[in-house]
Amino acid sequence: MMTGQYDDRYRLEPQLRPAGSDADRAALMESRQRQLMADIPVRPSNIGWFEAFLAKPAIPEGAKAVGYFCQVIPLEIICAFGAVPLRIDCGNSAYVQPGEELLSADVCPLAKASFAQALSADSTAGKCACLVLPSSCDAKRKLGEVLADFRPTFTLNLPPEQDYARYGDWAAGELERMAEFFAQHLGAKLSSSALLSAVRQSQRASVLIREILTLRSASPAAMSSRDLFAIVQSSFNGAPSKEWLQNVERVRDEVAAYRPPREVKRPRVIITGAPLIWPNFKVLNLLEESGAYVVGDTICTGSQSLYDPPTFHETSRKALMRALAQRYIFASPCPCFVSQGTRMSRILDLVEENKADGVVHYGLRLCQLFDMEVYRLSRLLKERNIPFLNVHTDYSPEDSEQLRIRVEAFVETLHGRAAK
Amino acid sequence: MQSALDGVLRFLEPLTSPFLALLVCLLLPSLAVRFSGRKLALALLLLAVSFFGAYELAAASDSAHRWLIALNTPLVTVFLFVILPALHLPRNRYYKLFLLLPAALVVAGIAAIFVAYATVPDGKDGFYWLLIRPAFLMGLVASALVLVQPFLTMKVFRRAMRISLFAILIYGGFALRQDYLDYQQMLDHRAKTQGGVVALTETRPVTQNDNRMTYLPSAPCRFSADGGYVQGCNMELLQRIAMLDVAKTVGGDPAAISNMAIVLAALLMFMVIVFLTARITCGWLCPLSTMGSALDYVRRKLRLPYFKPSPAVRSGVFYSGLGLAGLTLLMAKLVPSLDANGYVLGCKIPIYPFCKICPGQQVCPVATQGLAGYPPLPSSEWAWGFFKVFTLLLLVFFLLAFIAARRLWCLFCPMGMLSGIFNRGGMFALAKASGKCNRCGACAEVCPMGIDKVRSEMQNSDVSSYDCVLCLRCVEKCPRNGCLSLTHCGRKITESRFTGKQ
């Protein structure tokens, strides 16, 4: 490898998996989720446009694609190279089993499924010129090396602490290193004016998402949180493009124009925790089907991912890289850092701002980072008398009905608070 | 008619007293918290009545009245009736009602210009810049800014304010005169090369004071050709204090005693101003920093990186500024002992020694007159070349610091150091709601003074610091709504709000 991140002497020949039954089951999971969401009473009229981007995104003719994991990779840099960013972390339970066979059963479902999906023939990752992922947890730190056998891969090192004074320049340097890697594998140059226009584009996305969140908070029935997640996640493939922004503007106008036929008081909850990746919206399905409004989230694949814009004052390449490091690394609510006050603050702030009645934590099985934070979170919320439910589960739909009983019971206890 | 007008003006005189402004600001926090609506109006009325009473009581003594008048400035009236309400009134639909007042003041200001032109003697038709009385001008500018503020982003508003104040402070000396007569006097004054002011090459120790009391925390150099529209800066005041002839004063010399009284009154006035404004004068008013920011703007537009000084360099810069200011103030202390040739202990020292090395004296004339206005350098005989070397050294540092290191100069600037004494504990404060902070560090990144406290402070809500020039760039750039805010007298004036238009 040219970047010298992995030891070339022990590279292995990639063993691709035939498409076959995995892909069929994956398609089934997706269509099942689509069906569930078709029952949502009020939906944006153009939701179909967004759904088309969720799985198997098309790469435009002649364009190169970069596959990426996680919310800490600045898509602006990929776009500035003229490439299309495609999200390759997988939320489809169909790939968990094959992933277990390839890696290990004791790795988190996200890492297993993503690896199996990447290695299946005709996968999105296979069409990418190169892949990039952050060292945001142990699984991802090692996933880069195994993926590197298959496609050129870059592991973006993250600072251990979100201390901008200490690690700001270092993190911007790591982003520069990533840009060098892209330059090698995309055969393109990074221009700072392209970077600037990409940054402006994502600022626009933030403004729109914030407007929608404010409108939804005032009138949650105007739009389902699952549709919001679908809209947000559609931007992960191709970054917030002009068409995406236009379509979101339309959604915003529809949400603003929505008038509920009658006033309904339902419990309002904030959801936090591990990434919910299409088509694994299991917890959102359960919450909404149990009669709760999900009015806010700190989920890195939900509205949180677009909530914070990159802000810049200077437009030199160095300054823009620092602005991206600030937004993607130092403002990240990921629990992979030594201390994570941002997420706690955000949860408490969301509860206050949205007058939420409770907080639901989605713990992904085998993800220690989120699990360890539940200790602090649950006690902080208890001190403040905010009801809390920890839903600990994986991708498989099998435990849905057991969870439904717990979620329904929790939502039931919130009704009293909501009526006030 | 005239006597009736004088009577009204005499009655309203307390409204121009800086002590009223101070009193109102000190009482505002408690007023704002405890009362609302009618009670607030009643409290303000009571306050006004008692202040008017106290003022008249003090004015009953002739000598006290003389001092009170000397300290009065129409700026206080503008502050009380235009700026303060604009800062504190809630922005609801009634705010538009308040805006009628500044609108009327703008109309009055424009009318005043026409009236002044109408009184130009016959046969003298022509263009004499803006003939307007200072009180009208202050009302006009403040009102215009208050009127446009709701339509501008903070960035554009700050730029508008800095440019208009720059124009007034730098070009006001000749572009803004009271009337035609005053304009002619100014032209005569200019014709007499540097008459009455101290040039860089001044050799004779003459102190010529115009006995005004209002020293601005940061100002254009009044020693430049068109200086005189406003009083000089706080360093000029400090040098005047240092140059007081203690022996003569103790000896009972009436001129020396009067000089000391004037200087001490000016110091009191300066303290009031600094308590009310803190270093917001550095960020929004100082013409030197406006010139520097223009250089900085060019660098940014060229997408060039800037030099980020380490903490050691920063404190080095700070202490060299402090050291140089201290050294030149010590020299000023020697001024009363100068002999007829300007020597003391074999060393030739100019009056106003700090001004001799300050870049303000070099860049302000260039801003008004072009390169031709650059004053000749002091020759090597002055303190064995100290003044020649440091004049050049500081000019180079001034330019380099602004071109390549944002506001590194402002860490060095003794004017700014002095203005910052009430940065904490004064009327303005920078506040942070740490629960809304996402720790991204945008505030630390955009801070032209290189302050990290706004980012790192997570316990206390007060994030003001001594170096802060209150430019509010952090508030403007903070991506979390309501996280950072500026408070005045304990009330929130503005807060961070991401709109994508910053």
Side-chain angles (χ1 to χ4, degrees), chain A residues 161-169 171-172 192-193 196 200-208 210-211 214 298 304 307-320 322-333 337 339-353, chain B residues 154-155 293 296-308 310-311 404-407 432-448 450-459 471-484 496-502:
Chain A
E161 292 170 48
Q162 288 173 312
D163 183 339
Y164 182 71
R166 196 176 289 271
Y167 295 109
D169 288 338
S192 43
S193 53
L196 182 62
R200 287 197 199 281
Q201 198 98 320
S202 50
Q203 285 193 337
R204 185 83 199 109
S206 281
V207 173
L208 279 173
R210 286 180 179 204
E211 283 173 1
T214 312
T298 71
Q304 178 68 49
Y307 186 83
D308 284 314
T311 53
F312 62 93
H313 175 51
E314 307 224 350
T315 52
S316 69
R317 174 171 165 159
K318 232 179 150 179
L320 287 175
R322 278 202 304 268
L324 291 171
Q326 279 163 13
R327 182 254 176 269
Y328 284 93
I329 296 171
F330 294 94
S332 164
F337 299 98
S339 169
Q340 185 45 280
T342 307
R343 184 162 152 255
M344 300 298 159
S345 303
R346 181 78 180 130
I347 293 166
L348 296 173
D349 196 38
L350 278 172
V351 169
E352 198 188 302
E353 262 183 13
Chain B
M154 198 192 294
K155 184 167 111 185
S293 294
D296 185 63
Y297 181 80
V298 172
R299 176 190 61 76
R300 271 192 288 134
K301 287 295 138 180
L302 293 175
R303 295 186 168 177
L304 295 171
Y306 65 94
F307 166 69
K308 208 176 187 174
S310 66
R406 293 180 168 183
R407 271 176 179 262
K432 173 173 174 177
S434 67
K436 291 186 183 291
C437 174
N438 65 7
R439 301 203 292 184
C440 70
C443 45
E445 174 69 26
V446 301
C447 181
I451 296 166
D452 189 52
K453 185 183 182 184
V454 181
R455 178 197 69 88
S456 59
E457 179 64 70
M458 284 289 176
Q459 305 296 325
C471 67
L472 303 190
R473 209 160 263 156
C474 51
V475 178
E476 170 194 328
K477 292 286 178 184
C478 175
R480 283 287 173 92
N481 296 349
C483 177
L484 292 179
S496 51
R497 188 147 296 276
F498 183 77
T499 58
K501 293 194 181 95
Q502 283 93 332

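All chains are named by letter (A, B, ...) in the order of the sequence lines, taking the proteins before the strands, and each is independently numbered beginning at 1. Atom set for the values below is all heavy atoms of this structure, side chains included, hydrogens, waters and symmetry mates excluded. Computed from a predicted model, the values in this text were never measured in an experiment.
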*Examine whether an atom of B:Thr499 lies under 4.5 Å from a heavy atom of chain A, and if so say whether it belongs to the side chain, the backbone or both; otherwise answer neither.*
backbone
*Closest approach of B:Cys440 and A:Ala331, non-hydrogen atoms and distance?*
CB-CB, 3.6 Å
*Tell me, side chain or backbone of B:Lys301 under 4.5 Å from chain A's heavy atoms, or both, or neither?*
neither
*Shortest non-hydrogen contact from A:Asp169 to B:Lys308?*
OD1-NZ, 4.2 Å
*Is B:Arg480 close to A:Asp349 at the side-chain level, that is, under 4.5 Å between some pair of heavy atoms?*
no
*Test side chain to side chain contact (heavy atoms under 4.5 Å, CB included) applied to A:His313 and B:Arg406, step by step*: CA-CA 12 Å; A:His313 175 51; B:Arg406 293 180 168 183; 4.2 Å; yes
_B:Asn438 vs A:Tyr307 side-chain heavy atoms within contact, under 4.5 Å_ = no
*Which heavy-atom pair separates B:Tyr306 from A:Glu314 by the least distance, and what is that distance?*
CD2-OE1, 3.6 Å
*Under 4.0 Å between a Lys/Arg side-chain N and an Asp/Glu carboxylate O for A:Glu161 and B:Arg439?*
no
*Counting heavy-atom pairs under 4.5 Å to chain A, which of B:Ala444, B:Pro479, B:Cys437, B:Gly500 comes out on top?*
B:Pro479
*How far apart are the closest heavy atoms of A:Ser206 and B:Phe498, and which atoms are they?*
CB-CE2, 4.3 Å
_Using heavy-atom distances under 4.5 Å, tell me whether B:Arg497 contacts chain A through its side chain, its backbone, both, or neither._
neither
